[in-house]
Engineer: 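Handing you a structure now.
Letters go in sequence order (proteins before strands), and every chain restarts at 1.
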2 protein chains.
Amino acid sequence: MTTYYDKHPKFHVAVDCIIFGFNKDGLSLLLLKRNMEPFMGEWSLMGGFVQTGESVDDAAKRVLKEYTGLDQVYMKQVGAFGDVNREPDERVISVAYYALININDYDKQLVEEHNGYWAGINDLPPLLFDHLQMVEQARELMKKKASREPIGFNLLPELFTLTQLQNLYEAIYGCTIDKRNFRKKVADMDFIEQTEFIDKTSSRRGARLYKFNDKTYSKSPKFRL
Amino acid sequence: MTTYYDKHPKFHVAVDCIIFGFNKDGLSLLLLKRNMEPFMGEWSLMGGFVQTGESVDDAAKRVLKEYTGLDQVYMKQVGAFGDVNREPDERVISVAYYALININDYDKQLVEEHNGYWAGINDLPPLLFDHLQMVEQARELMKKKASREPIGFNLLPELFTLTQLQNLYEAIYGCTIDKRNFRKKVADMDFIEQTEFIDKTSSRRGARLYKFNDKTYSKSPKFRL
DNA sequence: TAATTGAAGTGTAAGCTGTACACTTTCGTG
DNA sequence: CACGAAAGTGTACAGCTTACACTTCAATTA
């Protein structure tokens, strides 16, 4: 029987992940130098095809896990990219997601097997298809979100110094921030808690380590950095 | 020949439009009371399937034109909705868009033929599938955008009074705004220009009509309402 | 024609937020 | 024990946001 749906064409649907990491060198993306056809040797985002019986969101989670071993990662959809010729050989509609991960905490062997490498956000290689456009949109979206919600902590270790936190926001915003003003704001947020620990790796004097307290935040979710 | 792509499933891809309009009764959405199967008699957004050789953005524009006769409308993507069972009979991945139109300027006969009706944004009927979720996301997105970019004018006639403009923003934000503070802000924006015309329909005294000047705006795009 | 009605239009003061700005402390190294 | 390098700290000014109430105008009605 011919149904209502049969009249309409079907398409390959893919997901692509913009995976952000942060360290002392700033923000980076985890990219793939493709080690298989098609497009062997080219740089791209980590992606894959949506499968039957799998939601698009789940496909993005699966792909992230396949490439990094990570579960339960902070991910948000960037949007659908549906230009007819965005991939040259075949019509593929792709849904982009960005992910924020701790750059020290992923399955390095898996990444190596897939030929994954970190690239500085301001120093990206040429990317396949419309992946650069996806990155730019993701970055913009993440920046807006990070200014109003405490998502930046996903990019930091559990314990972090205020200097690290400031460096993170400087990297996200792409500008410098006054240290005293920054610390004044942080001091006003009860959910950024001082710990008893001192980080001795970055200075002789040592820097106080802080942590983000999710429960305290949810009681009074006022955030602005 | 079997290609790389053949291994992967294909899906119906649809677009759905959240069409905003504004008049003295506030914000409304243009909805469809379906006059054909499947789901005859149910309320839904205006939507359609992406066709071969047509970008997803173009599909949204086409659908909007099919239902309203309108071209060159302000439209933004809300995102992809890809849950496996979001439509009960068939797997369909849908990309939602919102559109801002002047509620007095569309093809009323076309809308009537399709069984389209305006419904107050705070008084929506039950909608098919995940359409309510799409509406909520669209509304949130539009609200954020409207606070930082002068997109609200797409919902107003070319000439409008300050009271209309304020009512619009009150409807978008869902709160009341102080009249003097609102007008102070408007007065600071050179691209909201007084005209020589007076609207006599809404009061005995008459109210000054204003217009939005796109060119002046692009010279100094500072907007905050 | 005077009174009424209803929306349009107008200014100021106080509090809060954002920003600019420079020196002292600490501790390990040489 | 002097030096280097990052951590840590407070104040003053400007600009922005907010709260708040009466007058003006023109058509309608008494």
Side-chain angles (χ1 to χ4, degrees), chain A residues 22-26 143-144 146-148 156-157 159-190 192-211 220-225, chain B residues 22-26 143-144 146-148 156-157 159-190 192-211 220-225:
Chain A
F22 175 76
N23 63 13
K24 63 181 168 41
D25 299 322
K143 181 166 153 181
K144 277 195 184 142
S147 73
R148 323 188 140 267
L156 291 172
L159 299 180
F160 51 85
T161 67
L162 295 184
T163 301
Q164 281 177 300
L165 186 62
Q166 179 172 345
N167 289 341
L168 171 61
Y169 276 87
E170 290 181 336
I172 291 173
Y173 295 151
C175 67
T176 60
I177 303 174
D178 179 87
K179 183 162 55 158
R180 278 173 292 186
N181 293 337
F182 182 81
R183 285 169 185 240
K184 210 184 313 173
K185 281 192 199 169
V186 169
D188 284 342
M189 299 185 212
D190 296 341
I192 300 177
E193 293 176 350
Q194 206 177 91
T195 70
E196 56 183 313
F197 305 107
I198 305 287
D199 171 80
K200 303 287 291 180
T201 63
S202 63
S203 72
R204 303 199 160 102
R205 179 180 177 177
R208 177 68 61 175
L209 286 162
Y210 289 74
K211 69 176 176 195
S220 103
K222 296 179 201 314
F223 182 91
R224 177 64 70 98
L225 272 181
Chain B
F22 175 75
N23 62 14
K24 62 182 168 40
D25 299 322
K143 181 166 152 182
K144 276 194 184 144
S147 73
R148 323 188 139 266
L156 291 172
L159 299 180
F160 51 86
T161 68
L162 294 185
T163 300
Q164 280 177 301
L165 185 63
Q166 179 172 346
N167 289 342
L168 171 61
Y169 275 87
E170 290 181 336
I172 292 173
Y173 295 150
C175 66
T176 61
I177 304 174
D178 179 87
K179 183 160 58 157
R180 279 172 291 188
N181 293 337
F182 182 81
R183 285 169 185 239
K184 209 184 313 174
K185 280 193 198 169
V186 169
D188 284 342
M189 299 186 211
D190 297 341
I192 301 177
E193 294 176 350
Q194 205 178 89
T195 70
E196 55 184 312
F197 305 108
I198 305 288
D199 171 80
K200 301 289 291 181
T201 64
S202 63
S203 72
R204 304 203 210 298
R205 178 181 179 176
R208 178 66 62 175
L209 286 162
Y210 289 74
K211 69 177 177 194
S220 100
K222 297 180 202 315
F223 182 91
R224 177 64 72 95
L225 271 181

Engineer: For chain B and DNA chain C, what are the first and last nucleotides along the strand, 5' to 3', with at least one atom under 4.0 angstrom from a heavy atom of the protein chain?
Structural biologist: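 Here the contact window of chain B covers dT5(C) to dT12(C).
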Engineer: Heavy-atom distance under 4.5 Å between the side chains of Gln164(B) and Asp199(B), does that happen here?
Structural biologist: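 No; the side chains remain at least 4.5 Å from each other.
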Engineer: Keeping the roles fixed (side chain from Gln166(B), backbone from Ile177(B)), state whether a donor-acceptor pair exists under 3.5 Å.
Structural biologist: yes
Engineer: With rounding to the nearest 0.5 angstrom, report the CZ to CG distance, Arg148(B) to Leu225(B).
Structural biologist: 12.0 Å
Engineer: From Arg183(B) CZ over to Thr163(B) OG1, what is the distance, rounded to the nearest 0.5 angstrom?
Structural biologist: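 Here the rounded value is 4.5 Å.
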Engineer: What does the list of N/O pairs under 3.5 Å between the protein and nucleotides 13-20 of chain D look like, with a distance for each?
Structural biologist:
from	atom 1	to	atom 2	distance (Å)
dT18(D)	O4	Lys184(B)	NZ	2.8
dA19(D)	N7	Asn181(B)	ND2	3.1
dA19(D)	N6	Asn181(B)	OD1	3.0
dC20(D)	N3	Arg180(B)	NH2	3.4
dC20(D)	N4	Asp178(B)	OD2	3.2

Engineer: Look up atom CD in Glu170(B) and atom CG in Leu168(B), then write down how far apart they are to the nearest 0.5 Å.
Structural biologist: 9.5 Å
Engineer: Just how far is it from atom CG of Asn23(B) to atom CG of Asn167(B), taken to the nearest 0.5 Å?
Structural biologist: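 Answer for the CG-CG pair, Asn23(B) versus Asn167(B), is 10.5 Å.
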Engineer: Could you check which residues of residues 197-211 of chain A get a heavy atom under 4.0 Å from DNA chain C? Sort them by number, please.
Structural biologist: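 Here the set is Lys200(A), Arg204(A), Arg205(A).
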Engineer: Working to the nearest 0.5 angstrom, can you tell me the gap between Lys185(A) NZ and Leu165(A) CG?
Structural biologist: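 Here the rounded value is 11.5 Å.
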Engineer: Does Thr163(A) reach a base, just sugar-phosphate, or nothing at all? Heavy atoms under 4.0 Å.
Structural biologist: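 The answer is sugar-phosphate, as Thr163(A) gets under 4.0 Å only of primed atoms, P, OP1 or OP2.
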Engineer: Specify the closest pair of heavy atoms between Ala171(A) and Phe22(A), including all atoms of both residues, with the distance to one decimal.
Structural biologist: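 The pair with the smallest heavy-atom distance is CB-CE1, 4.1 Å.
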Engineer: Quick check: do Arg208(B) and Thr161(B) have side-chain heavy atoms less than 4.5 Å from each other?
Structural biologist: no
Engineer: Output the rounded distance in Å from NZ (Lys24(A)) to P (dA6(D)).
Structural biologist: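 One finds 13 Å between P of dA6(D) and NZ of Lys24(A), rounded.
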Engineer: At what distance, to the nearest 0.5 angstrom, does CD1 of Ile192(A) lie from CZ of Phe223(A)?
Structural biologist: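 If we round to the nearest 0.5 Å, Ile192(A):CD1 and Phe223(A):CZ are 6.0 Å apart.
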